[in-house]
Amino acid sequence: MAVVVVGVALFVGFLALGGWQVQRLAWKTNLIAQVDARVHAAAVPAPRPTQWAGVTRDKDQYRRVTVHGRLLHDKETLVQAVTDAGGGFWVMTPLVDDRGFTVLINRGFVPAGRRDPAVRADGQVDGPQSVTGLLRITEPKGGFLRANDPVGDRWRSRDVAAIAARRGLSTVAPYFIDADASPNPGGWPRGGLTVIRFANSHLVYALTWFGMALLTLVGLWLFLRDGRGNRS
């Protein structure tokens, strides 16, 4: 009898896990569709301070936005990056928006040999500029097993609050913007390298759990059949 109880419990549990993965599949499919729509939509003004409290990962990540203001090249921060173009750095530069706040702009990628602004001086343009790109949510603390080191100015993730504190910035948006592929003078930094990729293995997981439920049911049937045979 104990075997039957355990078998039934496993069967119900596997069914529940399979059903949960079906729900996750629907959520992930909807998320991918929403993000695809955001990426290809017309750019809208980046959220201003009165809107920051409502900015969320699910609702706003990868939304196309635009800002207009002045880039503070003397306060740029280099964040370690690995891209299809190889290893190097993201160039994170504060932009003082005309609406009275500051937002970090990921202007794009530079290889290690161009980390020094002096070797890409053509791209350090002064004066009012418009930047269009994708809104990204801050990446606090650091990368996998590698924490940011603000004191040493070594960065493994784009942690908006920590970078803003290190650079002495105020009224900083809680997000950053990945600049689009519009070329910078001199070719560097190189924008438009945002990778939009979502793992979506929920269907495989659902089929696995449902398969386990079926195997459990078959095992119970064999157990009960053999039990009846032994009693005859």
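- Leu135 and Leu71 fall within the same hydrophobic cluster, where Ile, Leu, Val, Met, Phe, Trp and Tyr residues are linked whenever their side-chain heavy atoms come under 4.5 Å apart, directly or through other members.
- The CD atom of Glu139 sits 4.0 Å away from atom CZ of Arg158, with the distance rounded to the nearest 0.5 Å.
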Verdict with supporting geometry, Asn184 and Arg107, side chain to side chain contact (heavy atoms under 4.5 Å, CB included): CA-CA 9 Å; Asn184 288 303; Arg107 300 183 63 222; 3.5 Å; yes
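- For the residue pair His73 and Gln129, the shortest heavy atom distance occurs at NE2-NE2, 4.3 Å.
- One hydrophobic cluster, built from ILVMFWY side chains closer than 4.5 Å, cannot hold both Leu215 and Phe210; they sit in different ones.
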task: Evaluate side chain to side chain contact (heavy atoms under 4.5 Å, CB included) for Val119 paired with Trp188, printing each intermediate quantity in order.
output: CA-CA 10 Å; Val119 301; Trp188 302 102; over 6 Å; no
task: Could you give me the CA-CA distance, side-chain angles and deciding distance for Arg99 and Val67, then say whether side chain to side chain contact (heavy atoms under 4.5 Å, CB included) is met?
output: CA-CA 9 Å; Arg99 293 171 290 171; Val67 289; 4.3 Å; yes
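- Under 4.0 Å is where a charged nitrogen must lie from a carboxylate oxygen, and between Asp153 and Arg167 at least one such pair does.
- The distance from the CD1 atom of Ile105 to the CH2 atom of Trp90 is 14.0 Å, given to the nearest 0.5 Å.
- Here CG of Leu72 is found 10.0 Å from CG of Asp126. Values are rounded to the nearest 0.5 Å.
- Residues satisfying the side-chain contact (heavy atoms from CB on, under 4.5 Å) criterion with Arg115, sequence neighbours excluded, are Leu78, Phe89.
- Of all non-hydrogen atoms in Pro49 and Phe101, the two that sit nearest each other are CD-CD2, 3.5 Å.
- Arg156 places a side-chain N or O within 3.5 Å of a backbone atom of Ala147 that can act as its donor or acceptor partner.
- The line from CD of Gln80 to CZ of Arg154 is 9.5 Å long, rounded to the nearest 0.5 Å.
- The distance from atom NZ of Lys59 to atom CD1 of Ile137, rounded to the nearest 0.5 Å, is 9.0 Å.
- With hydrogens and angles ignored, the 3.5 Å screen pairs a side-chain donor or acceptor of Gln51 with a backbone N or O of Arg48.
- Among all heavy-atom pairs drawn from Asp159 and Pro140, the shortest one is OD2-CA, 3.3 Å.
- Taken together through direct or relayed side-chain contacts under 4.5 Å among Ile, Leu, Val, Met, Phe, Trp and Tyr, Phe109 and Tyr62 form parts of separate hydrophobic clusters.
- Counting all heavy atoms, side chain and backbone alike, Leu10 lies closest to Thr216 at CB-CG2, 4.0 Å.
- Nearest heavy-atom pair across Val160 and Thr138 is N-OG1, 2.9 Å.
- Put simply, the side chain of Leu95 does not reach to within 4.5 Å of the side chain of Arg70, judged on heavy atoms.
- Taking each heavy atom of Leu134 and Arg64 in turn, the nearest pair found is CD2-CG, 3.5 Å.
- The shortest side-chain heavy-atom distance between Trp155 and Met92 does not fall under the 4.5 Å cut-off.
- No continuous path of ILVMFWY side-chain contacts below 4.5 Å connects Trp209 to Val12, so the two sit in separate hydrophobic clusters.
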Can you give the donor-acceptor pairs under 3.5 Å from side chains of residues 171-182 to other protein atoms, not counting sequence neighbours?
residue	atom	partner	partner atom	Å
Tyr175	OH	Pro47	O	2.5
Asp178	OD1	Asn106	ND2	2.8
Asp178	OD2	Arg136	NH1	2.7
Asp178	OD2	Thr194	OG1	2.9
Asp180	OD1	Ser182	N	3.0
Asp180	OD1	Ser182	OG	2.8

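- A donor-acceptor pair under 3.5 Å links the side-chain atoms of Thr66 to the main chain of Val131, judged by distance alone.
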- request: Would you check, one step at a time, whether the test side chain to side chain contact (heavy atoms under 4.5 Å, CB included) holds for Leu104 with Thr77?
  value: CA-CA 10 Å; Leu104 287 181; Thr77 297; over 6 Å; no
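- Val6 is not connected to Leu214 by any chain of hydrophobic side-chain contacts under 4.5 Å among Ile, Leu, Val, Met, Phe, Trp and Tyr, and they are in different clusters.
- In this structure the side chain of His68 reaches within 4.5 angstrom of the side chain of Pro128, judged on heavy atoms.
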